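Below is one structure, written out as C-alpha cells, with a few remarks after it.
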Amino acid sequence: MAEAIAFDIATELITKLSSRALSQVRLCWNLKHDIDDLARTVRTIKDVLLDAEEKSVTDNLVKVWLEELKDVLYDAGDLLDDFSTEALRKDLMGGNKLTKEVRLFFSSSNQFAYGFKMGPKIKAIKARLASIESEANTFRFIPRDRPVETSFMTKKRQQTHSFEREDEIIGRDDDKAALLKLVLEFESEENVYIIPIVGFGGLGKTALAQLVYNHERVKNHFELTMFACVSDDFDVKVIVANIIKSVANKAPDQNLEMDQLQKQLRDKIDGKKYLLVLDDIWNEDPGRWSSLKKLLMGGAKGSRIIVTTRSLRVAEITNKCQSHVLKLKGLSDDDAWSLFKRIAFDQGYVDSTSSAFVEVGKQISERCGGVPLAIRTIAGTLSLKKTVNEWHSFKENELVKISQIEGDILPTLKLSYDHLPSHLKHCFAYCRLYPKDHEIDVQTLVQFWIAQGFVKQLNSSQSLEEIGFECFKDLVDRSFFQEVEGDLMEEMRCKMHDLMHDLVESVAGMESSIIDSNKIASDVGEKCRHISINPSLIPLFKGKKLRTLLRSPCIETLNLSEETWDFIIANYRYLRVLELNVLNFKTISPSIYKLKHLRYLDLSWNCDLKILPKSICKIQNLLALKLDGCFGLQELPKKIEKLVNLTHLACFHCDALTHTPRGIGKLTSLETLSAFVVDKDGSHGGADLSELRLLSNLRGGLRISNLGFVKNAKEKFKAANLKEKQHLRSLVLEWSSPFVCAGHDDKKSLEDLQPHPNLKELCIGGWRGDAKFPSWISLLTNLVEITINDGNFKRLPSFAQLPSLKGLKISNCTKLEYMDDNNPKGSQGEPQLFFPSLKHLTLLYCPNMKSWWRMTKPIDDDSKEDDTTVMGTSTVAFPCLSSLAILNCPLTSMPLYPSLDGCLQLGNTSSKPLKQTMKMNIISTTPSSSTSSLPLYKLKSFHVENIEGLDTHTLDECLQHLTGLKTLEIRACKEVDLERLQWEPLKNLSCMEIDNIPKLVSLPTWLRHLVQLKTLRILQCHGLRSLFPVFQHLTSLEDFLVWDCKELELSAAGIQIFQDHTSLRNLWLVNIPECRHLPEWLQHLTNLQELYLIDLPNLTSLPDEMRCLTNLEVLHIERVPQLEERCRKDIGADWHKIAHIPKIRLYNENLVRKNNLTYRVDLKSDDGTSVIPEGRVSGLGVPTSAIPKADLMSLLCLWFNLLSDALKNLSGLEILNIPKLVSLPRGLQHLTNLRVLRLTDLPNLTSLPDEMRCLTSLEYLQITEVPWLEERCREDSGADWHKIAHIPKIRLYNEVDGSYAIGRFLEAFKFTIFIDAGHSFSCLEFQPNLLLKVQTGKKEDTSEYLVVRFIVAFGRVVQVKIYYSTLHGAYEELDLFYG
C-alpha cells in the first residue's frame, strides 16, 4: 500500500503540524524549532512522492524506500497525536490558569517532564526523515503537485476491439437478450440513447458489448457501427480520433486540431442511425462527459451508445434511468463450470468424463466466484496439467497465487484501485482485516475508518459518519463491495468478492494481517499496524506499533485473561481501534487509560462484565464505546462527561443498568445513545430526562426505560425535548416492568413525549396511564413501524392515514376495544387514504377487541355477518398488505385483505373477516374473470387454528382462490372434514400440516394429486387409522412426520409400493402406540437420511431390512424401552442391522434413577427477588399475588434472571409450543455454556434477540415452525442472520420453500442424561407444588399451571423440565438440559 497512499499520509502530517494543538505544544514545551524543522522536511519529501509512487511500480528499491518512509511517517503521526492528546488534557483541566499550572506540575504527566521526554523522540523522527530525504536524492525524483490519482497509470489496460466469438460466451443469454432489447426495440424520446453496462473487472462487460455489436440483427439495424476503447485517460480529442478511426478504418492525421476532428466526426455520424460502443470508461466528471456527449448527439432517431464501466457513478452520469443500466453479476455455478470445462479440457490431456478430474475441477471452478476472467485464466493453466495429482496440488498450493503468476486478474482489478482517490485507497486497504466471504457490518467499518483518520470532515453540515458512508457508497459504485443488503447504514451489510479480497491483500502488503496461527503471529513484522487476531495468540505478537486490534471473527469464544489485558496495555500503546467482544472477561484493567490514542473501543457481548473502571474516562480521544449485550453491566462511569469527543455510546441490551449517569447531557457530540435508563428511586444519582435536551445530534435508535418512575413527569418529559431530535430514526418508550406497578403520574404524560416528525419507528410498552393515545401521532407522517405492547389503551387513534407505515403490531393490550373511531369514508363520501403502505399487520392477545371500528350496535352471530355493525363499511380493504397475523383477538369486523401475498395466520379468532374477504370475490368476479383477479390468489402461506365458524364449506370456498399457496397448516378445526376439500387449487402446495383434526380417519384421497408436496406433518389426529392407499402416491415427499396418532396402523400389508419411491429423506414416527414393528415399506426408502423413532412403547425390534437403508446417516431412538438392550453397540441383538449408520442416538430416561423431593421457594412480592438455598438448586414457586397479571412469558423472563447463576452449566435448551411467547426471555445471555438450542412451534416469536451473539458456545440451532423467523434467519440475507452467523450448525426448517419442518413433536430431540450402568451416582428430583396460576379464559372453566422439575446428578442439575398444563390435560413443555 505504500506506493499508493504515502502522499496522503504526508499531507495529513503537514496539516497536523500546523494545527492549533501543535502551536500550544511548541510554546509549552519549547519544541518550536524541532516541529518547524519536521514540517519543512515532510513538505520537501511530499513534493517528490508522486514521482516516487510511479517509479515504485517498476523499481523495487524505490518501493522499499517508500515503505521506510511510510513507517516513519506513521511514527511521526503517533508522536503528534500524543502531543494533541496532552494539549486536550490540559484544556480540560478545571480551575483558573494558576490552578491548572499547579495541578499540571503535580500531575503524573508533569509538563516539564513531558517536554523532556518528548524532545528526544521528535529529534529521532527528524533524524530518520533526514536520512530518507538524503536517500531520495539518489533516485532523482521530479517534484510534482498533481493529485496522486491522476498522476500516473503505468500499467495500461490492454486495448479492446469490437470482435468476440459468440460460441466463446457462456452464461450471458439473459444479459444478451436484455441488451438487445434496449438496443433494437426500446423507443426513447432522445434520438441518441445511452445504455451503460456496469460491473467489476473480469465479469465480461466488454465481451457482452462485443457480442451484441457483432449480432446480425444489430448490423442490419444500424447504418453505422463504431467501437472505441476509452480506458483510463478520458481525453476527448483522443476519443474522437478513435471513433473516426473505427468509422474510416484508418486513424486521422495526428496534427489535426480538435475543431477539425469534431467536424470530421459530425460529418460521418450526423443524420445516421448509428451504434457506438465506448468501452471501459472511468471518468466521473459530468462536465468532461458532457463535452464528448454533445459531439455525438447528431445521430438519427434510434441511435445507441453502449458504455461499459466499473463505476456505477459513471453509469448514473450517462443514464439517469436505473432500470436501463445493465448490472452484470457473476456466472451461475453451472455456467461457470461449463466455461471452465471447455477451457480446462481443451488440450485433450485429461478425460472430461473422469469423475476424479470433474470433482476437483468443480471445486476450483467454484473458487473463481463466477468471474469469467478468473475462470479463463485458471482453467487455461490447468489445461496443461495432465494428472489429477497436479490438479489437486494446484488447488491446495497454487490457486491463491494464480492471479500473481498469470498477471491477468489482479492487474485488471488493480486498475480500479489505482483510480481511487487516496482517502478511498486507505479505506479499501483496511478491509484486509476481514476474512474471505465475511459479512461486513457497514456501520462498524465506517467507524473503523473514522477512528483511523481516513474520513475528513470538510464542513460541519455532515457528520463524520455520513461522510464515511459516502466513502462506502463510492466503493460500492466502483464494485469493490458486493451483496450489499439493507437500506439504512446501521442495518447494512456487504461482502467482498474473493478476487477483490485477493486485491486487498495485495495492496495492503505488510501493513495489515489476519493472525490465526502461531506461525503467522511470529512471522508478522513489527511494521504491521493493523491485525485481526485469535486472542489466544496476542502474547505471541511482538509488534508495538499497532493501530488496530480486532478479535478474529473466525474463532471459538475464549476467555480473555487478565494477563492478556495487561499485555495489550503494556505493548500496544498506539491503538486507535480495539475490539474485544464476546471474550467472557469480567473485569477490565484500571490501566486501560494508558491507551490514550484509542478512538474505538468495543467491549460488547461480555455478559459477565459488571462495571467499567473509572479510568476509562481519561481516554479523551474516544469516539465510540460499544457495550451492547453486556447484560451484567450495572452502571456506566460517573465521570462520563470527560469523554468530550464521544460520538457513539452503544449500550443496547445492557439490561442490568440501574441508571444513566449524570453529565451525559454534556456530551453534545453524541450521535448514538442506545439507552437512557431512568434512576428508579434516585438512589444512584442518575441523570434525569432534562439531560437529553441538548443531545440534538442523536441518530439511530433511543430506548428510554423506567419512565413510570419519573417524578414531575410533565415537566421532565417536556425537558427531554424529543421533538427537536430530528435525526432519531427509532424511539422506544418503556414504562414499568411487567412485575412492578410504579404508581407515579403516568396519566396524560405521553402527550409531553412528542418526537420529531422525522421518526421512522415508534414503540410504546407497558404504559399504564389513561386510555387515550397522544394527539401527536398524526403528525408523525414518516413512521414506518409502530409497536404497542402491554398498554391500557381502550382505543387507538387512526393510523390509517400515515402514508409510510409498513408495519403495525399490537400485542397484549387487554383493554383495547377497537382500533379506529373514525368512519373510513370522508365527509363527502369520498374514501380517505387507508394504510397506503402497510405490509405487515400483527394483532396478538387483545381479548376485548371485537371490531376494528367503534361499534354502533352489538355484533350478532354468523347469521348476520353481512350486516354493517360498525361505523364505516366492511368493504374497506388494505391495499398492499403482505402478511397478517390475528391471534386471540375475537375480531368479527375489520378491513379486508384481498391483496395479501405472503402469510395469513389466524388463531382463536372469528372467521367473519375471512368470509367477507372471500365474498368480495363472489361479488366482483364474473365467469370471464381470470383467477389472477381473485382475492388472496398470491397468498403463499395459510395457517388456521381453532377458528370460530370455520367449517368444511367455508374452508373449501377459501382454498379455491389460493392458487399460489405453498404452505397450508390446519390445526384444531373440529368442524372441518378434509376429505371433502377440493385439491385443484392446491396443486402448487409444497408443505402441509394437519394437526388435531378429529374427523380425519384416513388421508384425504386428493393428496395424491399434489405432485409438488415435499413436506407432510400429521399431528394429534387420534382418529387416523391408516395412511393408505394414499400415501404410496406421494412420490415427491421428502419429509414426513407422524406424531401422537393413537389409532394409526403403519403397516401396508398386501400393497406393493415404494419400489421407485426414492425422494423421502427424513422420517419421524413419534408416539404411535399401535406400532409393534416398523412398516415393511421402510426397506424401499433407499435415500432415507434421517430416521427418528420416539415414544413407540410396543416396538419390540428392528427389522433386517434396516441394512437396506444404505444412505441413512442418523438413527434416533428415544423412549423405546424394548430397543434399549437390542441396540447396544456391538452386543445388542439388533446392532448388526444398524452398525453401518454413522450417527446413532439412543436415549432412555429410565437410565437415571430418581428420588423424589419437593421444595418450594416463594418469590418476594416487594422487590422481585427469590430466596434460593445456598449450595442447592431448587424449584421456584411463584405465588399468584406476587406477579399481577403475569403471563408465561413474564414468568420465563423472571425465572431465567433469578436462576442465572444456577443455569450457567446448561448445555441444551428446547422451547416448544408456547403460542404466547412473543420474544425469547431475558436472561438467555447467561447460558454461556449452552450448546444446543431448539425453538419449535412458536407462532408469535417475531425475531431473535441480540443476546444470541452472547451464546458463544452454541453449536447447534434448530428453528422449526416459527413463521416470523423464516426470512429473518436466512443465511447472509436475513435481518437476524448476523446474530446467529457464529453458530456452526443451523437448521432452519422453512415451510414456504418446501424444506422440512418437524412440527411440535420435539420430544424427538430430548438431550436427557445418559449414564453407563457401571457408574455410581446419586440423583434427586425436585417437584415443586403448583407454581403459577394464570387466568386465560373464564375463571370457572380454565386455569393454567406451570410445573418445574429438576433432575440432579453428581450434585448438580442435569435436566430441567417445565410443564405448562391445563385442567383439561393438554400441556406445552419447555425443556432445559445440562451436559
Side-chain angles (χ1 to χ4, degrees), residues 1-18 22 34-83 121-149 151-152 154 417-418 420-423 425-430 432 452-454 506-513 524-530 543-548 574 576:
M1 190 166 64
E3 70 275 12
I5 59 175
F7 181 88
D8 196 50
I9 302 172
T11 302
E12 183 182 357
L13 263 184
I14 292 169
T15 302
K16 287 183 177 180
L17 286 164
S18 59
L22 264 292
D34 288 328
I35 289 177
D36 288 346
D37 280 352
L38 183 59
R40 193 160 41 248
T41 304
V42 173
R43 285 193 188 95
T44 302
I45 293 174
K46 179 196 164 197
D47 289 342
V48 301
L49 272 181
L50 298 176
D51 188 50
E53 286 169 1
E54 179 174 347
K55 291 179 178 175
S56 70
V57 178
T58 55
D59 189 332
N60 194 56
L61 289 176
V62 176
K63 187 172 184 177
V64 172
W65 178 85
L66 274 172
E67 287 287 353
E68 293 296 329
L69 171 63
K70 186 161 63 92
D71 188 56
V72 70
L73 290 178
Y74 272 132
D75 288 346
D78 290 336
L79 185 63
L80 297 186
D81 197 59
D82 204 308
F83 287 144
K121 290 187 177 182
I122 199 168
K123 285 179 169 59
I125 293 288
K126 277 175 54 183
R128 290 170 64 192
L129 278 173
S131 174
I132 287 172
E133 181 184 15
S134 174
E135 192 176 353
N137 295 330
T138 64
F139 294 113
R140 303 177 181 236
F141 295 134
I142 301 170
R144 293 185 182 178
D145 57 3
R146 286 178 293 163
V148 65
E149 51 268 22
S151 66
F152 67 92
T154 56
Y417 176 79
D418 289 336
L420 289 177
S422 55
H423 67 286
K425 289 177 180 173
H426 277 286
C427 294
F428 176 66
Y430 194 80
R432 167 67 179 92
Q452 296 297 339
F454 301 158
S506 171
V507 300
M510 298 183 294
E511 188 174 309
S512 303
S513 182
V524 171
E526 289 194 2
K527 293 180 181 178
C528 186
R529 305 278 171 168
H530 312 286
K544 296 192 174 184
K545 297 182 177 182
L546 274 187
R547 291 190 170 196
T548 301
Y574 296 106
R576 265 73 165 171

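All figures in this text were calculated on a predicted structure; none of them were measured in a lab.
Residues R547 and D81 are not paired through a salt bridge, judged by the lack of any N-O separation under 4.0 Å between the basic side chain and the carboxylate.
With contacts defined as side-chain heavy-atom distances shorter than 4.5 Å, the pair Y74/E511 qualifies. Side-chain contact check for I45 versus L73: every heavy-atom pair is 4.5 Å or farther apart. Counting heavy atoms from C-beta outward, D82 and K121 have side chains that stay 4.5 Å or more apart. Contact check for V507 versus K425: no side-chain heavy atoms found under the 4.5 Å cut-off. Residues R576 and D78 form a side-chain contact, since some pair of their non-hydrogen atoms from C-beta on lies under 4.5 Å apart. Side-chain contact between R432 and F428 is absent, with no heavy-atom pair separated by less than 4.5 Å. Contact of the R529 side chain with the D71 side chain is registered, since non-hydrogen atoms from C-beta on lie closer than 4.5 Å. In this structure, I122 and L79 have side chains that are in contact, with non-hydrogen atoms separated by less than 4.5 Å.
In this structure, L61 CG and L66 CG are separated by 11.5 Å, a value rounded to the nearest 0.5 Å. L129 CG to T44 OG1: the interatomic distance, rounded to the nearest 0.5 Å, is 10.5 Å. Separating the OG1 atom in T41 from the NZ atom in K46 is a distance of 14.5 Å, to the nearest 0.5 Å.
There is a side-chain donor-acceptor pair under 3.5 Å between T548 and H530.
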Verify side-chain contact (heavy atoms from CB on, under 4.5 Å) between V524 and M510, making sure each step is shown before the conclusion. CA-CA 8 Å; V524 171; M510 298 183 294; over 6 Å; no
Report the C-alpha distance between E68 and K527 in whole Å, list the side-chain angles of each, state the deciding distance to 0.1 Å, and finish with yes or no for side-chain contact (heavy atoms from CB on, under 4.5 Å). CA-CA 9 Å; E68 293 296 329; K527 293 180 181 178; 2.6 Å; yes
List the steps and the verdict of side-chain contact (heavy atoms from CB on, under 4.5 Å) for V62 and F141. CA-CA 10 Å; V62 176; F141 295 134; 3.8 Å; yes
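Across every non-hydrogen atom of I132 and V72, the tightest pair is CD1-CG1, 3.6 Å. Residues S512 and A429 share a closest heavy-atom pair of OG-O, 4.5 Å. When all heavy atoms of W65 and A52 are compared, the closest pair comes out as CZ3-CB, 3.9 Å.
Listed for the S131 side chain is no donor-acceptor partner under 3.5 Å among the backbone atoms of R128.
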